[in-house]
Structures are given as C-alpha cells and as structure tokens.
There are 2 protein chains.
Amino acid sequence: MGTTQLESVPEPKYWHLKTVLTDALDSEFAVGEILPNERELAARFGVARATLRQALEQLELEGRLQRRRGVGTTVAPPRVGVAVGDTGQTWPGTETWEPVDSEAAAPPTAVARLLDTVPGELAHTVRRIRRSHGQAVAAELLYVPARSVPGLTGIDAPTGPARARLVLRELQRLPLEGQDQSVELGSARADDAKELDRLPGAPVLLVTTRYIVAGRTAAVAVATYRADTCRLTFGDAGMQLLAG
Amino acid sequence: MGTTQLESVPEPKYWHLKTVLTDALDSEFAVGEILPNERELAARFGVARATLRQALEQLELEGRLQRRRGVGTTVAPPRVGVAVGDTGQTWPGTETWEPVDSEAAAPPTAVARLLDTVPGELAHTVRRIRRSHGQAVAAELLYVPARSVPGLTGIDAPTGPARARLVLRELQRLPLEGQDQSVELGSARADDAKELDRLPGAPVLLVTTRYIVAGRTAAVAVATYRADTCRLTFGDAGMQLLAG
DNA sequence: CAGTGGTCTAGACCACGTC
DNA sequence: ACGTGGTCTAGACCACTGT
C-alpha cells in the first residue's frame, strides 16, 4: 500500500498486514492455493505469530482464506449465494435440506416464546443439513409443537431420517400462509460445528424462521449457516457474485 | 458448570470459560452492569489475560458483552431487531435513514458489476446513517448511476446532506418494481467503524440491496450493520426478541 | 512420523476515557 | 494521572492430518 500516513494515528500492525495480504491474494494467488505456513509468514513479515494470526483470522472471517488444522491455509473461493428468503407460500426445501433425525425435546426458551408454548413443553425437533456443491453449508433445528401435527401423537418410533421425514410430511400438509425471518451473528455450538466441519465457536449466521399457519406460529426453524463461506440471499432472484 | 467430562476430548479453556461466563451473565448480572476488569477476571479464573480475552471476544460477538477502551466491559442489552427486508414497492426509509452527504465516485468493481456499468464509471454515491434509539446501527453507501437520475446531470454542487437529499429525491421519483438482497459477514472499514463507534475490523453484517426499476438495476446499496447489536429481520412483521 | 494450525502463557507497551 | 481495553512479543505445548 502507498499509505505512508504520517503515523499520527498509527495503524495496528495486524490491520496493515491484512491489507497487504488482501492485495497479495488478489494479485498473486489462485483459489485453492496453499499459503506458506504461519511461522514462515510471520518471519517473512517480521511479526510475532500471534500478530500474523490476528490478520489471518480477519481474512478467514471475510471469506478470503480457509484454515484447516494439520493441513494449512488455503485461498478460499468466492462465497456461495444461498437462497433463504422468498420461498413464498411453499414449505422449504425437500431438495435443499436433507433430514437427519428427529426426537421429542423441549425447545430453548427463546424458541418456546416464538412458538407460544410453555417452557419445558416438548416439540418434535427435526434436524436437517443443507448441502451446496457437496459441502454442508447449514445445520438446522426445526421445532414443531405437537398441536401443529395432531396426526403424530402416537408415533411408532421409527428413528433417524425416517422419523424426520414423517414429521416433515405431516407438517407440509398444512397450508403455509407466510413466514418471518431474522438473521444474526452467532458462534457455532459444538454439534453444529462438527457437522459443518468447523471448530466450535466458529462464526455463523443464525437464521430464525417462523412459519405461519392460520395466523399462528406452526413451527420455528433455527438454521446455522457457515459465515465464512455463505452469502444469504433474499428476494426475487439469486444475486450475482460479489467480492470485496 | 458441572461438566467434568473425563477430558477424553479436552475442552479448550477459553471455551469452558465462555460457558461459565454465560451462565454468570444470565444469573448474576443486570444489563448495563460493569464487569471486573480483564486483569482481575483473568486472575480470578487462573488464566492468562489473552485466554480470558478470547472468551470475552466470543461473548461480544454473540452480543452478550460490550467492551469499550478506557471504560470497561459491560453487559449488553438484547439485540435490536431492525427491519431490512419487505419494504415492498416503496423506497426505503426517509425516516430510518439520515442522509450525510453525496459525491460522484467510481463504485467498487463488485458494485459496478451489479449496476451493469463499466468499471471506473462514476455514480452518485450517497452516504446515509441509520439510527435506532439514538444509536447508529448502520452506515450505508447508496450508488446511483447517472442514467437512473438524468435530471441531475448539471448538478449545482450543494454539499453535505442537502446534496444527498437532492439525489434521493430524484431517485424516489422512479417507480420501484422490487428488490434483491443479500447478507454476509464482513469486517468494518475504517470510516464505517468510526461512524458506528466501533474499532476498524469489527464484525459487521453487510447487506447488499439491488433496486429494480423497469427490469434493470437502478441503484445498489451496501449497508454495514453492527453485528454485535443488530438482528436483521425480514418478512411480515418484526419478530419478538430472541436470546441465546 | 513430521508439519500444520490451535491453545496458552507471562510479560510489555500503547490509545483512550474519565477524573 | 490513572485505569481501562487494545496491541504485540517470544516462547511453549497440544491436536490434527498427512505420509
């Protein structure tokens, strides 16, 4: 960079490093290429490894790098656009989401509030995975209160995907009126992290969807998207790719 | 916590610390309360300050804490829900967004691609701030290509908010057909960080909106929302609050 | 096994807000 | 001036992935 900005407000080293690396990534590296290891890079830039890591962390957060323990640091492909909004009046994703299993469990209190159930009340809890180009991009927990699927009261206890599909089939019978969504930043719980092939605590985008049937909340889904690789799209059509 | 889990897969200290602190925040602290300082907390938990900081960082990312240099660490209020989608066929926010200024500038190449202009071509670039309860929650750059506002060719060069309002008024004359949006994780540029009262590099949610008029992209907005304090809402109505 | 990134330590100094 | 969080260092060891 040409910014020799008089140091009146000295730029942190890791910040400057980040811009240097960003430029290098743009000009000298191809997607998938492996960078030199952290000790080498730190030495080359004359900083401590912790400082170098601070810069790498930000670049990973921005989706420019991908780091894997035991392997190395590679240049990440541009983020994938995944459609999350605008499914309109149809229940989402028999193709996009892959059922994993289902059980009766008490939803977190925040979800119970949305479902308008009493805390501690059980709900069918369906676990699903969303894949894109073979990679898992999101893990979801879909909470369906018993009142929404009365046909399932005396469930014959199949397990795994079969049971999940059973709940979903019952749910999809209902006439969906609309949905609410919200997006916020979070960190991956241990189980989600495992399925998304990330470390616990990795930054994720939490998408909470409230499905409305007959004026009430019939189900709530909390989906955990990998923040490093995903760009969530809402609206008419998938947007073209962005970068930087 | 009671998890004395055999250490077969030893939990990182900062992760365990985080859960301990989370529980403490839920039970023993009120919103706005000031925590003991980092050196004290680190000593109390018997870890190095860097390790303690790793836990605090995650909690800040999740919107549970707010840290300010020279002041201290406080317990954050629940995230604010801010409506970003579903403005329908109306141009957004004469009330929510406060115009700051405007100039003719070449948009970043990613934006130029969306606008379908040649790279380097100038566009009216309007800067706006969005406030919620007095706090700045988002900074936006709205790019309007000259072709969208032909009435503004020989602009008489007012400056600041006046000029911004001029461009907006002209834009809002157009019949809006629809919009596309995408959300991704980013880190705050220095100028945005300043207006959002955060440090450069702070985690933000980047919302890119494409405004469609007569089948074309009439304008593109890139809004930078504080990821720590905001929950973006899409759809029918603002969702009730969530926590955890 | 060697090499990678992930965690952790015990210090130091700096920038900022408040008093 | 003082106390806060922010940056930075130079080490150490651990967990994971590949060969």
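Below, chains carry the letters A, B, ... as their sequence lines are ordered, and counting in each starts from 1. Predicted model only: the values in this text are computed from it and were never measured.
- For A:E195, the salt bridge (Lys or Arg N to Asp or Glu O under 4.0 Å) partners two or more places apart in sequence, or in a different chain, are A:R127.
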Read 5' to 3' with Watson-Crick or G-U pairs under 3.5 Å, [ ] for crossing pairs and | for partners on another strand, DNA chain C gives ||||||||||||||||||.
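- When rounded to the nearest whole Å, the span between CG of B:N37 and P of C:dG17 equals 18 Å.
- With sequence neighbours excluded, the residues that form a side-chain contact (heavy atoms from CB on, under 4.5 Å) with A:V75 are A:L25, A:F29, A:E33, A:L35.
- Rounded to an integer number of Å, the gap from CD of A:E40 to P of C:dT4 is 9 Å.
- Atom CG in A:L56 sits roughly 10 Å away from atom C1' in C:dG5 (whole-Å rounding).
- In this structure, the salt bridge (Lys or Arg N to Asp or Glu O under 4.0 Å) partners of B:E38, at least two apart in sequence or on a different chain, are B:R49, B:R53, B:R67.
- For C:dG5, the OP1/OP2 oxygens have a side-chain nitrogen or oxygen of A:T73 closer than 4.0 Å.
- For B:L122, the side-chain contact (heavy atoms from CB on, under 4.5 Å) partners two or more places apart in sequence, or in a different chain, are B:A104, B:A106.
- For B:E40, the salt bridge (Lys or Arg N to Asp or Glu O under 4.0 Å) criterion is met by B:R44, not counting sequence neighbours.
- Between A:Y225 and A:W97, the ring planes are perpendicular. Angles over 60° get that label, and only those under 30° would be called parallel.
- The CG atom of A:L41 sits 15 Å away from the C1' atom of C:dG3 (whole-angstrom rounding).
- For B:D101, the salt bridge (Lys or Arg N to Asp or Glu O under 4.0 Å) test picks out no residue, with sequence neighbours left out.
- Checked against side-chain hydrogen bond (donor to acceptor under 3.5 Å, both in side chains), A:D26 has the following partners two or more places apart in sequence or in another chain: A:R64.
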Check nucleotides 6-9 of chain C for protein N or O atoms closer than 3.5 Å to its own N or O atoms and list the pairs.
| from | atom 1 | to | atom 2 | distance (Å) |
| --- | --- | --- | --- | --- |
| C:dG6 | OP2 | A:R53 | NH1 | 2.7 |
| C:dG6 | OP2 | A:R53 | NH2 | 3.3 |
| C:dG6 | OP2 | A:R67 | NH1 | 3.4 |
| C:dG6 | N7 | A:R49 | NH2 | 2.7 |
| C:dG6 | O6 | A:R49 | NH1 | 3.0 |
| C:dT7 | OP1 | B:Y14 | OH | 2.9 |
| C:dC8 | OP1 | B:K13 | N | 2.2 |
| C:dC8 | OP2 | B:Y14 | N | 3.2 |
| C:dT9 | OP1 | B:K13 | NZ | 3.0 |
| C:dT9 | OP2 | B:A48 | N | 2.8 |
| C:dT9 | OP2 | B:T51 | OG1 | 2.4 |

